[in-house]
Amino acid sequence: MLPISSFRLVKKLCAAQKHKIKEPTHLSSGDFNHAVSTYRQMLLRGVRPDRHTLPRILTASRLSGSFSFGKQVHGQALKLGFSSDHYVTTALIEMYGRLDGADAAKWLFDKSPRRNSVSWTLLAKLYVMEDKPRLAIDLFNQMVDSGADIDLVALATAIGACGLLKSLQEGRNAHQIARKCGLEFDVLVSNSLLKMYIDCGSMRDARAVFDQMPSKDAISWTAMVRGYVRKGGFNEGLKLFRQMNVEGIKADPLAISSILPACARTAAHKNGKEIHGYLIRNGIDKNLTVLNALMDMYVKSGYIEYAWNIFSGMKDRDVISWTVMILGYSFYGRGELGVGLFREMEKSGVEIDQITYVAVLYACYTARMVEDGRFYFNCLEAPKVAHCALMVALLAGAGLFDEATAFMEKRKIERHAEVLRALLDGCRIHQHQQQNGSTGKRVIEQLCDLEPLNAENYVLLSNWYAHHAKWDMVNRMRETIRDMGLRPKKAYSWIEFRNKVHVFGTGDVSHPRSRRIYWELESLMKKADEEGMRPNSDYSLHEVEEERECIPIGHSEMLATSFGLISTERGATIRVTKNLRICCHCHSFAKFISKIVGRQILIKDPTYFHHFKDGSCSCGD
DNA sequence: CTAGGGTTAG
């Protein structure tokens with residue numbers, strides 16, 4: 001009786017462990033100890049472990065991280081003569097690989113008398129996990145040469161390694177092998193091909209695989225959606241997501257978390273709200289990842305209070321939940337609340353990572369809390385460029401240019417574009433100080449030098465010349481951009497109205513209500529004039545024609561705002577999204593409008609949410 | 001009766 005029952009128990013416990021424990025290093029010792037003690041009993045009563053018991057007890061050792069016990073079992077296996085059993089060997093390879101590294105596994109593998117695709121694959125996977133895709137691919141090629149069976153799992157693993165290496169060439173090669181084996185259309189292989197092409201940055205190849213798949217599962221759809229969203233193809237992603245539902249594949253938490261970032265980044269806020277409804281209807285509104293993604297979506301859509309409601313109602317919060325909320329408040333001009341949250345987070349016991357520090361430094365920056373910023377920066381053991389750039393932004397934003405430049409020199413980060421842009425922002429804020437004008441220009445020139453093909457840098461330079469009324473140079477910059485064949489981004493603004501997104505470009509007259517939109521803006525301008533609000537005094541020197549260009553009447557964000565004013569009911573908040581940063585004229589005009597029509601206006605640009613209310617803006621200018 | 005695999009949020 002005993003051998004069979006013990007044996008079953010060991011087996012069951014191992015199986016249970018495997019399901020429960022995702023991280024093999026996490027010791028969930030209860031079950032494991034049970035398995036081990038049963039195994040010991042077995043030995044005590046003189047039951048010889050066999051080729052079925054040994055792999056399982058080795059797996060239990062691996063999952064519980066009991067390396068020394070595992071090594072004892074290894075010794076027993078050798079004594080009992082199981083050193084050439086496939087199942088024992090692979091269990092050993094995996095145990096050594098996970099607990100002592102891939103090299104230890106390789107040593108065992110090289111010694112093992114017979115290899116099969118499982119042991120090859122195992123070793124390749126270990127290399128992948130150690131971020132050594134090159135070695136994994138080499139191993140796969142050796143396996144192919146050795147004449148071993150190439151099966152689904154071996155292919156999927158090798159293809160995954162190509163993706164990790166971001167080598168399209170290796171990936172195509174593996175694809176070719178899959179084709180030869182007739183396994184190309186297996187759903188596992190196809191899914192790994194999809195992911196590999198996406199990782200290599202080729203959505204076209206990924207799409208080709210996807211379109212040819214005889215049957216697609218939720219993983220295929222999710223991978224594709226995520227691929228598009230990551231590349232900024234939000235509408236493509238949304239289209240695919242809808243199609244997935246049409247084809248009867250239920251969106252699961254993973255699919256939802258992949259599509260929500262797209263909802264967060266388009267002006268069509270109805271998408272995100274619809275998905276929220278779907279979550280509630282399907283009872284998946286408790287999943288942590290989903291809630292985090294949902295919070296982020298609301299933050300980025302301009303509904304910070306919804307995000308806060310979700311956050312405060314959450315049972316468990318992880319590092320991402322906190323980070324989203326801290327960043328959210330900062331994005332919204334409430335950095336001090338972000339810093340407050342960070343302090344609460346420190347008490348909550350959730351582990352704080354590098355990105356949380358990015359968030360809290362950003363919070364300090366938007367709240368102009370220099371002292372706190374310095375303190376949190378010093379908490380970092382190995383600050384990344386992103387942290388340094390925020391420190392520069394914080395210092396320069398507070399007018400501490402000497403400290404900012406000294407900091408840059410000390411950290412040797414003068415040649416990073418994001419750092420230079422942070423410094424430039426500071427110069428812009430403090431442009432009234434005489435010397436910052438020339439510093440600003442020098443920084444822009446450094447940027448042009450660093451990224452000669454980035455048209456935005458020349459636009460910055462051109463704007464600088466315009467600001468200083470050097471019109472011949474403005475024209476020269478325009479020629480330079482044209483001669484280099486560069487195309488600066490065009491400005492667009494979006495506003496959602498009655499489930500439809502309306503797009504405006506600069507000086508756009510294509511909207512059906514265009515006349516009314518301009519008429520509204522003109523009458524508001526007139527009122528602004530009467531109230532003595534002038535666009536900006538330093539433009540008074542400009543020639544009349546140029547000055548007209550500077551009047552924000554044709555700017556896309558104003559067109560969108562005006563459309564919002566004439567379409568929505570009185571008092572409703574207006575939400576506009578813009579792809580470029582708002583210009584300072586539109587900024588002051590928007591402040592004025594918010595006051596005179598008694599409406600709140602939210603203009604989201606790539607870096608910030610400008611919340612205009614009663615004549616002032618959340619960014620504090 | 002056993003072993004290796006493809007998807008998510010800041």
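Within every chain, numbering begins at 1; the chains are lettered A, B, ... in the order of the sequence lines, protein sequences first and strands thereafter.
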Closer than 4.0 angstrom, basic N to acidic O: yes or no for [X] and [Y]?
X        : Y        : value
A/Arg343 : A/Asp372 : yes
A/Arg334 : A/Glu336 : yes
A/Lys216 : A/Glu247 : no

Quick one: which of [options] gets closest to the side chain of [X]?
X        : options              : value
A/Arg51  : B/dG4, B/dT2, B/dG6  : B/dT2
A/Lys125 : B/dG4, B/dA3, B/dG6  : B/dG6
A/Asn292 : B/dA9, B/dG5, B/dG10 : B/dA9
A/Lys195 : B/dG10, B/dA3, B/dT7 : B/dT7
A/Ala154 : B/dG4, B/dA9, B/dT7  : B/dG4
A/Asp296 : B/dG6, B/dG4, B/dG10 : B/dG10
A/His52  : B/dT2, B/dT7, B/dG10 : B/dT2
A/Ser117 : B/dG4, B/dG10, B/dA3 : B/dG4

Rounded to the Å, how far apart are [X] [atom1] and [N] [atom2]?
X        : N      : atom1 : atom2 : value
A/Ile159 : B/dT7  : CD1   : P     : 12 Å
A/Ile256 : B/dG10 : CD1   : P     : 15 Å
A/Asp50  : B/dT2  : CG    : P     : 13 Å
A/Arg56  : B/dT2  : CZ    : C1'   : 5 Å
A/Ile284 : B/dA9  : CD1   : P     : 15 Å
A/Met196 : B/dG5  : CE    : P     : 19 Å
A/Trp221 : B/dT7  : CH2   : C1'   : 15 Å
A/Ile320 : B/dG10 : CD1   : C1'   : 5 Å

Does [X] reach a base, just sugar-phosphate, or nothing at all? Heavy atoms under 4.0 Å.
X        : value
A/Thr356 : base
A/Asn287 : nothing
A/Ser220 : nothing
A/Ile355 : base
A/Val358 : nothing
A/Val118 : base

(message) My understanding is that only residues two or more places apart in sequence, or in another chain, count here; which of them pass ring-ring contact (aromatic ring centres under 6.0 Å, His included) with A/Phe109?
(response)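 Counting only residues at least two positions away or on another chain, A/Phe109 forms a ring-ring contact (aromatic ring centres under 6.0 Å, His included) with A/Trp120.
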(request) Determine whether the aromatic ring centres of A/Tyr332 and A/His611 lie less than 6.0 Å apart. (result)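 Yes, they do, as the ring centres are separated by less than 6.0 Å.
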(request) For DNA chain B, find the residues of residues 257-268 of chain A with a heavy-atom distance under 4.0 Å and give them by number; none if there aren't any. (result)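 Output list: A/Ser257, A/Ser258, A/Arg265.
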(message) Parallel, tilted or perpendicular: which one describes the rings of A/Tyr329 and A/Trp308, with boundaries at 30° and 60°?
(response)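 Taking A/Trp308 first and then A/Tyr329, their aromatic rings sit tilted (interplane angle of 30° to 60°).
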(request) Please test A/Met196 against A/Asp205 for side-chain contact (heavy atoms from CB on, under 4.5 Å), starting from the C-alpha separation and ending with a verdict. (result) CA-CA 10 Å; A/Met196 179 274 294; A/Asp205 286 291; over 6 Å; no
(request) Can you check whether any acceptor in the base of B/dG10 is under 3.5 Å from a donor in the side chain of A/Thr323, or vice versa? (result)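 Flag set: donor-acceptor pair detected.
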(message) Between the base of B/dG5 and the side chain of A/Asn191, is there a donor and acceptor pair under 3.5 angstrom?
(response)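 Not at all, since no donor on one side and acceptor on the other fall under 3.5 Å apart.
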(message) Does B/dA9 have its OP1 or OP2 closer than 4.0 Å to a side-chain nitrogen or oxygen of A/Arg230?
(response)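 The answer is yes; a side-chain N or O of A/Arg230 sits under 4.0 Å from OP1 or OP2.
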(request) Taking only the side-chain nitrogens and oxygens of A/Lys300, find out if one of them lies under 4.0 Å from OP1 or OP2 of B/dA9. (result)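 False: A/Lys300 side-chain N/O out of range (4.0 Å or more) of B/dA9 OP1/OP2.
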(request) With sequence neighbours excluded, tell me which residues meet side-chain hydrogen bond (donor to acceptor under 3.5 Å, both in side chains) with A/Asp353. (result)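 Residues passing side-chain hydrogen bond (donor to acceptor under 3.5 Å, both in side chains) with A/Asp353: A/Thr356.
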(request) Keeping the roles fixed (side chain from A/Ser190, backbone from A/Glu184), state whether a donor-acceptor pair exists under 3.5 Å. (result)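 Yes; at least one donor-acceptor contact below 3.5 Å.
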